[in-house]
Amino acid sequence: STLGDQSDLAPKVETKLYHRRWFMLFLFSFVSASNAFMWLQYGIISNIFMRFYNIDALAIDWLAMIYLLTYIPLILPILWFLDNRGIRDVVLVGSAFNCIGAWIKIGSASPDTFPVTFFGQFVCSVATVFILGIPSYLASVWFGEKEVSTACSIGVLGNQLGIAIGFLVPPILVPNVDDMDELAHHIRIMFYITAGVATLLFVLVVFVFQERPKIPPTQAQATARSIPPEQYSYIASIRNLLRNKPFMLLVVTYGLNVGCFYAVGTLLNRMIIVHYPGEEVNAGRIGLTIVIAGMVGSLICGVWLDRTKTYKQTTLAVYLLSLVGMIVYAATLSLGHLWVVFITAGVLGFFMTGYLPLGFEFAVELTYPESEGTSSGLLNCSAQVFGIIFTICQGKIIDNYGTLAGNIFLCVFLLIGTIMTGKTSVTVKNTQF
């Protein structure tokens with residue numbers, strides 16, 4: 001059954017769409033962007049920070065992977081917090097952690113303060129757990145049935161926008177200079193800018209962000225509001241999701257795809273510098289190309305789902321094309337032509353990042369009437385687990401066997417994910433979802 005089918009069974013009640021729903025969505029998206037920027041601000045200039053802090057490549061990788069690791073133990077308590085306190089409190093606490101972490105990192109702009117910068121990054125990573133799974137929940141609470149997938153895509157785009165800025169801006173703000181005092185000055189400027197933006201967004205959330213509209217936007221939301229809190233069991237909801245075979249297949253396939261994206265994003269600087277020495281700025285631009293293309297893909301996929309509701313077919317097609325994009329990127333990275341890498345990376349990003357909102361919306365379709373925040377939280381948890389595994393393994397493979405072997409490693413798992421996605425579609429059909 002689809003969400004619409006279920007809502008038709010209930011008596012019709014008044015629904016209304018508020019103009020301020022767009023402000024809530026874009027404010028959340030900017031908070032998510034601020035947090036995502038700090039995920040990659042070290043990795044895209046990893047060679048510079050390795051020299052500045054006198055650390056090895058794995059230590060730099062952990063500045064990104066701490067975002068993934070923190071998510072795993074904290075997601076279930078925060079999902080409980082979301083169900084019991086609501087979306088406003090979750091976004092408020094997330095933006096507070098984001099702001100605090102950004103200010104802590106200002107104290108780490110000297111070569112002997114790597115533990116301080118790691119602690120600041122850890123605090124920012126806690127914010128991610130509050131923020132990452134919100135788009136589908138916010139979209140369902142504020143938006144109508146014909147725009148919910150588009151709204152979810154825009155919420156995901158906020159995170160991708162932050163990643164794009166994280167690829168582009170750090171190589172510009174922190175040039176690869178030899179003088180350590182000058183380098184510390186550039187790093188300090190970058191930290192102050194990120195802290196200022198995070199503070200502004202936190203203040204806006206405190207005074208502007210709202211829990212939900214007074215009148216629900218859809219019949220499904222009206223039905224959800226009519227359920228007494230004592231009839232809802234968080235543990236039972238988790239148990240229902242874990243018993244949902246199509247959803248659990250989606251959890252694994254989503255984790256494989258997004259885990260590959262996390263690994264590519266974390267290790268992009270290392271892969272580019274191996275074949276194109278001294279091209280830190282272009283490495284950032286290639287990362288920007290991946291994400292901008294992915295933002296376009298996300299938006300197109302969201303609009304397509306709103307119009308067609310073809311979740312199964314679209315998810316399988318985009319997954320297969322992500323595999324094709326990864327194969328082409330792996331084959332062309334070492335050809336010696338940066339313009340080719342820009343093109344192939346853009347194709348990869350269009351499909352791999354375009355898959356993100358598809359996974360969220362397919363999960364909502366498979367798990368209704370369970371909480372959207374819970375289903376998306378479990379998807380993201382899977383992505384964090386695979387992201388850590390893939391980043392560590394691909395990094396070791398690149399160090400020992402080269403970038404081609406490392407990218408083939410990811411292609412193998414994308415192939416497995418494509419096959420399993422086809423299996424998910426068959427299972428959904430057989431269970432008449």
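This chain uses plain numbering: 1 for the first residue, then up along the sequence. Please read all numbers here as calculations on a predicted model, not as lab measurements.
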May I ask you to decide if the ring planes of Tyr67 and Trp39 are parallel, tilted or perpendicular, using 30° and 60° as cut-offs?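 Aromatic pair Tyr67/Trp39 classed tilted.
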
Is there a side-chain contact between [X] and [Y] in this structure, where contact means two heavy atoms from C-beta onward sitting under 4.5 Å apart?
X	Y	result
Arg285	Asn282	yes
Phe143	Trp22	yes
Leu204	Val31	no
Phe118	Ser108	no
Glu279	Ile286	no
Phe351	Val324	no
Ile154	Phe26	yes
Met352	Cys260	yes

Rounded to the nearest 0.5 Å, what separates atom [atom1] in [X] from atom [atom2] in [Y]?
X	Y	atom1	atom2	answer
Leu25	Glu147	CG	CD	10.0 Å
Met248	Thr253	CE	OG1	10.5 Å
Ile327	Thr344	CD1	OG1	13.0 Å
Ile388	Ile66	CD1	CD1	8.0 Å
Cys152	Ile134	SG	CD1	11.0 Å
Leu161	Leu288	CG	CG	9.5 Å

Indicate the atoms forming the closest heavy-atom contact of [X] with [Y], along with that distance.
X	Y	answer
Leu267	Gly395	CD1-N, 3.6 Å
Gly259	Phe390	C-CD1, 3.5 Å
Arg270	Val274	O-CG2, 3.0 Å
Thr391	Gly387	OG1-O, 2.7 Å
Ala363	Leu379	CB-CD1, 3.6 Å
Phe202	Ser95	CD1-OG, 3.4 Å

Heavy-atom count check: over 12 atoms from other residues, nucleotides or ligands less than 6.0 Å from [X] [atom1]?
X	atom1	value
Phe209	CZ	yes
Arg20	CZ	yes
Phe342	CZ	yes
Tyr276	OH	yes
Phe81	CZ	yes

Treating [X] as the side-chain partner and [Y] as the backbone partner, does any N or O pair qualify as donor plus acceptor under 3.5 Å?
X	Y	value
Thr353	Phe350	no
Tyr18	Ile215	yes
Ser32	Ser29	no
Ser34	Phe30	no
Gln121	Leu63	yes
Thr70	Val126	no
Glu211	Arg88	yes
Asn244	Leu366	yes
Ser382	Val251	yes

Donor + acceptor pair across side chains of Thr128, Asn35 (<3.5 Å): yes

I would like to know whether Tyr71 and Val385 meet side chain to side chain contact (heavy atoms under 4.5 Å, CB included); could you show each step before the answer? CA-CA 9 Å; Tyr71 194 95; Val385 172; over 6 Å; no

Sequence neighbours left out, cut at 3.5 Å: what donor-acceptor pairs do the side chains of residues 406-419 make with other protein atoms?
{"residue": "Asn407", "atom": "OD1", "partner": "Gln394", "partner atom": "NE2", "Å": "3.0"}
{"residue": "Asn407", "atom": "ND2", "partner": "Thr403", "partner atom": "O", "Å": "3.3"}
{"residue": "Thr418", "atom": "OG1", "partner": "Leu414", "partner atom": "O", "Å": "2.8"}

Would you please indicate yes or no on a ring centroid separation below 6.0 angstrom for Phe386 and Tyr262? no

Test side chain to side chain contact (heavy atoms under 4.5 Å, CB included) on Phe362 and Thr314 and set out the steps. CA-CA 10 Å; Phe362 196 16; Thr314 305; over 6 Å; no

For Asn98 and Met38, run side chain to side chain contact (heavy atoms under 4.5 Å, CB included): C-alpha distance rounded to whole Å, both residues' side-chain angles, the deciding distance at 0.1 Å, then the answer. CA-CA 9 Å; Asn98 193 54; Met38 287 187 275; 3.0 Å; yes

Apply the test side chain to side chain contact (heavy atoms under 4.5 Å, CB included) to residues Asn257 and Ser322: give CA-CA distance (whole Å), side-chain angles for both, the deciding distance (0.1 Å), then the verdict. CA-CA 8 Å; Asn257 189 300; Ser322 297; 3.7 Å; yes

